[in-house]
Structure formats: C-alpha cells, structure tokens
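Every value quoted in this text rests on a predicted model; they were computed, and no experiment measured them.
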Amino acid sequence: MTAAASPMARGACPALDAPMLTGDGYLSRIALIDAITPAQLAALCSLSIAHGNGMLDISARGNLQIRGLTLASAAELEADVRALDLPLREGLAVEWSPLAGLETGVDPRPLGLTIMEAARTLRGRLAPKLSVVLEIDGLIRLDDLLADIRLVAAANAGWNVLLGGTRQTGRGIGCVSDENAADCVAALLDHFASLGPKTRGRQIDMSSLPENVQHHLKPATPLHRLPQQSLFGLFAVSHRTHALRIALPFGQIKAKALAEFAQQAEGFCIESIRPAPDHSLIVFGHEKACANLHGVAEQVGLIVKGDDPLRQIDACPGSPSCNSARLETHALGRFAASETPTLFDGSLRLHLSGCAKGCAHPMPSPLALVGSENGSHLVFCGKTTDTPIKHLAPTAEKAALAALARLIETARRDGETNHDCLVRLGPGGIAAALGEGP
C-alpha cells in the first residue's frame, strides 16, 4: 500500500491505495469499470464489516466507498479487494454510462480504456479530481456530472469536445473523429500536466490550445439539450436483459443490509450488479429476477421509487457518525422526506451538511442546512461556506423546513417550480418566513 500516514490535502481524491481521512476514520474508494457479480458485492460488504465500520457509500459519481478504516485496516482491505479480481479502475477517472455495451449504438468503453492507458505516464502530474466523461446519449446520461474533458458522441460520428463543467456549461472546442479521439484527449491531458498539477478544465485558455490538440479538431456539431433521462426502477436494456435501478438513501447503507440484498440477488440468478451515478445500484438479469428483487430492495432500506423525496436530499453521515458533524443529517433528511414532501417537486435539492466542509455536495445547492457549534446555518443558492441567510438555533431545523414548505405552498404561482418560487422571493423573503432572529 502506498498511502501516506497523514491526512490528504483538501481537494485530493481517495483511492484504494490512498485512503482519505474523514470524520469517521479513513475512507477507501473502489472505482469499477464494469459490473460485478452479486457474490463479489457480498464479499465487499464482508470486507467493510471486517476492516471498517460496516458502512458503505455509493458516491454521486457511482463509486463504492468503504468507511471507518484505520491506516492498518485500509492496507488489509486493499490486499483483500485485489484478491477478489474485480474490474478496478485505477489512475485517471474516465467515466461512461453504466449501460455501455448493453445498449445499441456507440460503445464508449474501448475509447475510455485507451485514454486511461495513455494517462498512466502522467500519474502524479494531473489534478487528483480531474475526470474525463464519455457521453453517448443513451438511456442513462451523465449530462450533469462535472468533467474536465467531456466527449459527447456526435450524430454523424465522432465526438464533440467540451472543457470544464457539465454538458450544459462546458466550453466546446470542436469535434474530433473516432480514430483521433484518444490522441486528442491524450494531447489535452499532456497540456493540463504542463500547466501544473492543479490545472482543471475550467481554467484552460481556449485561445492557447497547443497545435497537437488543434490539428485534431474540426468545427463542432450543434449540441441539443435533450430531455433529462431519469430511468429508475425496472426497465428493459435489450431483448434479453432487464435492469433494476435503485438507490441508497443519502448515498449510504449498512454493509449487512447490502450483503443481504446481494445474497438474495444471487439466489434469483441475477447476472451482475453495478454501482452507478446518483448514489444508485443497477442490477442486470432476466425481467422476472429483477422484478423479484424489487421487493427485497425495499425491505433492506433501498430507494425503489424514482420520485422518492430522499433522492433529492444530499447528506453526509452527520452526527453522531462523524466526529466533525454538528447536525444529525440523516434524521433531519428523513423528517424532510416524510413530513415536508411538498418541498421536493424535482426542481429543488436540499443539502444537509454536518459541518462547513460540505462533503456530500461540494457544489452550490438551492438550499443547504449547515451544522455549526451553536446551531445551524441556512444557505440559499450557494456552498456550505457561503454567507448564510439565516442562523437557526439548535434543534430548530425541523421547524424551519416545515416553514419553508408552507411558504412554497402559499407563495408559489401557477406554472412555477419550487426553485423558481424561492428565487423570486429571494433571501429576504425566505428569511422573513422563518421568523424573527438573526
């Protein structure tokens, strides 16, 4: 194991061979490039119990994480995980649809593997969180995943290349042919490395791209904003394969519960399981097997409905699980989902952060409640470190969420989303609805 014995710098990225210190011990990330068997998932659950605190995450980008490790147990975990012969992704994060290879059309995996191999020579010279996303407009898209380099399959073959941001906010630099795509990305990565190990896609000067990048590029084809795919539950992938997509509440589950799910999946002859974006799991198999597993998923506490409010809440482990946390994020999240469901119309995400680190959602959020030493802060359309619009006294968070729900119910205009309503009311209107005080 090559992990250092000191905490990672902020902005670093945990890996199997480089665990990261968090508020509940060290965390190791297991990134996969393909699906695994139910038995392999059950084995990972057993390793979580043996070496960690028995809690597993699936991150927003679809990576499996084992929590509550020590440096010694993280080294043991790494050895045991490697013995399972899993399809591990190491080095540069290159991401594609979890349905790649099962859908008709472009298969991005060969290109992704070529890019990862080319990036090996740059290890240590690229930003730790740097990522490449390959988008194919399939049944599950990665439009909203941040990417330093994004390749979007063009309608007439080839790939549109964007730097930084999401599909909507990334800056297009042109279109590259299939045969030149890997070389173009390799040249871009080399350019990033030449600018220093903290360089990200959003920082690249578009007017000074090197010649070995520019000569691969042609004018880009128009990128259309497609209706957002949000496949959830049971759906067909091909004529013989169905899938069941489910999710982990707050991206986390007890390893014992997930092991039970994996064992039941094996009993139903499920072919494979894959962690996927949005804290989800996708199970592949025959239609009847996937349908049978739906009930098991609900019994062990997984989210089985696409419109479940829990899917619209980002929350870190919180207190008492994390020593840094000053807010019981999971209890508060379950209260919000069950008692104030009108908050969640699909336009409004709620971020519950035990402290100002914002681990569960580092990006700006429409609403965030942030734990502090003497209560919590309500942040509107910002990060956890932004100036709050309201300070809440200890234990006042539930009342505040209830007040926000009532505000939206009374103030929202016809045709307006919850998010639009709060933006119109603004920080002053929201703070006023929560009553007197700072």
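The pair R150-E95 does not count as a salt bridge, with every side-chain nitrogen at least 4.0 angstrom from each carboxylate oxygen. The pair D314-R349 meets the salt-bridge criterion, since a charged nitrogen lies less than 4.0 angstrom from a carboxylate oxygen. Ion pairing between a basic and an acidic side chain is recognised when a charged N comes within 4.0 Å of a carboxylate O; R123 and E90 show no such pairing. Between D107 and R109 there is a salt bridge, since at least one side-chain N of the basic residue sits less than 4.0 Å from a carboxylate O of the acidic one. Between R82 and E78 there is a salt bridge, with a side-chain nitrogen of the basic residue lying less than 4.0 Å from a carboxylate oxygen of the acidic one.
A side-chain N or O of Q65 and one of R29 form a donor-acceptor pair less than 3.5 Å apart. Looking only at atom types and distance, the side chain of S280 has no donor-acceptor partner in the side chain of D278 under 3.5 Å away. Side-chain polar atoms of S319 and E328 form no donor-acceptor pair below 3.5 angstrom.
Shown here are the ring pair (Phe, Tyr, Trp, His ring centres under 6.0 Å) partners of F250, two or more places apart in sequence or in another chain: H330. Qualifying side-chain hydrogen bond (donor to acceptor under 3.5 Å, both in side chains) partners for R326, counting only residues two or more places apart in sequence or in other chains: E373.
Closest non-hydrogen pair, A255 versus I49, comes out as CB-CG1, 3.8 Å. Closest approach of D148 to K129, counting heavy atoms only: OD2-O, 3.9 Å. R245 and F235 get closest at one heavy-atom pair: CB-CE2, 4.1 Å.
Without hydrogens or angle criteria, T340 side chain to A336 main chain gives a donor-acceptor distance under 3.5 Å.
Applying side chain to side chain contact (heavy atoms under 4.5 Å, CB included) to L64 and the options L32, L41, L86 leaves one that passes, L41. Put simply, the residue from L422, I389, L352 that forms a side chain to side chain contact (heavy atoms under 4.5 Å, CB included) with L367 is L422.
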Practice task
Could you go through the side chain to side chain donor-acceptor pair (under 3.5 Å) check for S131 and R61 one step at a time?
Solution key: CA-CA 11 Å; S131 67; R61 302 184 81 94; 3.2 Å; yes
